[in-house]
Amino acid sequence: MSTIASATFDIADPSRRHFLASLGALGAAVVAVPTWLNAQETGIVATARGEAAKSAISVRALRGNVHVLEGSGGNIGVFAGRDGKLLVDAGFPVSRAKITAALQRISADPIKQLVNTHWHFDHTDGNEWLHAAGATIIAHDNTLRHLSKATRVDGWQYTFPKAPVGALPTVVFSDEHRLHLNRSAIVLRHYTPSHTDSDISVQFVDANILMTGDTWWNGYFPFIDYSTGGSLAGTIRAVEANIAAVATDTIVVPGHGPVAGRAELLECRDMLTTIRDAVAVLKKQGRTLEETIAAKPTARYDAKWGGFLISGAAFTGLVYQGV
């Protein structure tokens, strides 16, 4: 693990471990197909939102006045200063009071801008309240497109309704967008379709910090949303792009999982390509999905990477779909 100088404190009662365990149980239940729920009322979307209401918000100080909030959906970046706060991703509105308290602990600077790293609910559900609190929402064109209409995620068997007007990004871009805030440069870049077709990275240039959104799940098998443009090949390309973008001293913040660095990105890339190659061989041999899962091509990685949303069996299904 990369060594990162930081400080951590908690907001509200600690229940992050309970949140992860509950979501991990859902992933472990998947056997034959990459699907995480049987009904919208009891599936991953409702569970994630419900558990966020019980979870603490942990605050990790990185460097250059950049912090990370953990405990409400994906990791949330916070860059504070005299020009106001820029947030990266929005978490869940049920966490509003705890997020607000955490932001006040960081500084009294007002919320001015919010960047969505992609359109998924665990990164955008809080858009509306953060916009009402003063944030201009910035995102890729495809994030706006998906939020502007009912959008189906087949892997979750869930159709998300059109987002309210106040939750929609008002500053959008297609390839790259640059900001200058709090005397620092921030660069937003679109990946080729990877986890979805809307993923972007956020680079805090002066602090040497890269936020990858869900193109990287550190220590967890990732979800690939084929229904909104994601692909296995694109997921691997995005990890390779992250590796190319960082140095050994760069702090890298994943969409899910602990803050780390280049070494952990390399480990993730090797895991993805090894499993891809193993599943591709089995599929080429004519193995069915069930037979491929039974062969356990993820076995050597399950103990480390299978403890969050997605079990080895579930990830095998996702990879099988993409090779």
Side-chain angles (χ1 to χ4, degrees), residues 1-17 19-20 52 55-92 95-117 122-123 126 130 133-135 138 179-188 201-214 216-220 242 245-265:
M1 181 66 68
S2 300
T3 300
I4 297 170
S6 62
T8 303
F9 54 90
D10 290 331
I11 301 296
D13 296 329
S15 56
R16 172 74 170 166
R17 185 172 300 173
F19 175 56
L20 296 179
S55 295
I57 299 297
S58 296
V59 181
R60 180 177 295 276
L62 302 182
R63 62 186 175 212
N65 230 17
V66 179
H67 294 71
V68 173
L69 310 187
E70 301 168 302
S72 183
N75 291 325
I76 298 172
V78 182
F79 179 42
R82 66 177 189 176
D83 297 330
K85 291 190 181 82
L86 177 142
L87 272 62
V88 179
D89 287 330
F92 293 115
S95 306
R96 177 175 181 171
K98 292 177 221 176
I99 291 173
T100 299
L103 293 174
Q104 286 299 311
R105 287 281 296 275
I106 292 169
S107 77
D109 302 311
I111 300 168
K112 289 295 186 180
Q113 299 187 71
L114 167 65
V115 175
N116 292 151
T117 59
D122 53 330
H123 298 258
L130 286 166
I138 306 167
L179 300 167
H180 191 81
L181 185 74
N182 299 325
R183 297 182 177 178
S184 296
I186 303 164
V187 183
L188 316 180
S201 64
V202 181
Q203 180 186 17
F204 295 94
V205 177
D206 300 283
N208 192 19
I209 295 170
L210 180 72
M211 296 193 69
T212 69
D214 278 6
W216 184 34
W217 298 36
N218 184 22
Y220 306 122
N242 291 330
V246 303
T248 55
D249 60 343
T250 304
I251 295 175
V252 189
V253 182
H256 298 276
V259 173
R262 192 173 191 272
E264 290 79 12
L265 283 168

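Numbers here simply count residues along the sequence, with the first being 1.
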Hits for side-chain contact (heavy atoms from CB on, under 4.5 Å) against Ala80, two or more places apart or cross-chain, chain-then-number order -> Asn65, Lys85, Ile106, Ser107, Asp109

Which residues share a side-chain contact (heavy atoms from CB on, under 4.5 Å) with Val205, sequence neighbours left out: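 Scan of Val205 (side-chain contact (heavy atoms from CB on, under 4.5 Å), adjacent residues dropped) gives Ala185, Val187, Gln203.
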
Under 3.5 Å donor-acceptor, [X] side chain and [Y] backbone:
{"X": "Gln104", "Y": "Ala101", "answer": "no"}
{"X": "Asn116", "Y": "Asp89", "answer": "no"}
{"X": "Arg63", "Y": "Asn208", "answer": "yes"}
{"X": "Asn75", "Y": "Glu70", "answer": "no"}

Once rounded to the nearest 0.5 Å, what's the spacing between atom [atom1] of [X] and atom [atom2] of [Y]?
{"X": "Glu264", "Y": "Trp216", "atom1": "CD", "atom2": "CH2", "value": "5.5 Å"}
{"X": "Ser58", "Y": "Lys98", "atom1": "OG", "atom2": "NZ", "value": "10.5 Å"}
{"X": "Leu114", "Y": "Leu86", "atom1": "CG", "atom2": "CG", "value": "7.5 Å"}
{"X": "Arg262", "Y": "Thr250", "atom1": "CZ", "atom2": "OG1", "value": "9.0 Å"}
{"X": "Leu179", "Y": "Gln113", "atom1": "CG", "atom2": "CD", "value": "5.5 Å"}

Would you please test Leu103 and Leu87 for side chain to side chain contact (heavy atoms under 4.5 Å, CB included) and show each step? CA-CA 10 Å; Leu103 293 174; Leu87 272 62; 4.2 Å; yes

Working note: Ile76 + Ile57, criterion side chain to side chain contact (heavy atoms under 4.5 Å, CB included); need CA distance, chi angles, decisive distance, verdict. CA-CA 10 Å; Ile76 298 172; Ile57 299 297; over 6 Å; no

Test side chain to side chain contact (heavy atoms under 4.5 Å, CB included) on Leu188 and Ile138 and set out the steps. CA-CA 10 Å; Leu188 316 180; Ile138 306 167; 3.7 Å; yes

Exercise: identify the closest heavy-atom pair between [X] and [Y]:
{"X": "Ala207", "Y": "Val66", "result": "CB-CG2, 4.4 Å"}
{"X": "Phe92", "Y": "Ala52", "result": "CD1-CB, 3.3 Å"}
{"X": "Leu130", "Y": "Ala90", "result": "CD1-CB, 3.7 Å"}

Does a side-chain heavy-atom distance below 4.5 Å link [X] with [Y]?
{"X": "Thr117", "Y": "Met211", "answer": "no"}
{"X": "Phe204", "Y": "Val88", "answer": "yes"}
{"X": "Val253", "Y": "Leu62", "answer": "yes"}
{"X": "Lys112", "Y": "Leu181", "answer": "no"}
{"X": "Pro254", "Y": "Tyr220", "answer": "no"}

Dump the intermediate steps for side chain to side chain contact (heavy atoms under 4.5 Å, CB included) on Val59 and Arg105, then the final yes or no. CA-CA 9 Å; Val59 181; Arg105 287 281 296 275; 5.9 Å; no

For the residue pair His256 and Trp217, categorise the inter-ring angle as parallel (less than 30°), tilted (30 to 60°) or perpendicular (more than 60°). tilted

With Thr212 via side chain to side chain donor-acceptor pair (under 3.5 Å) - residues at least two apart: none

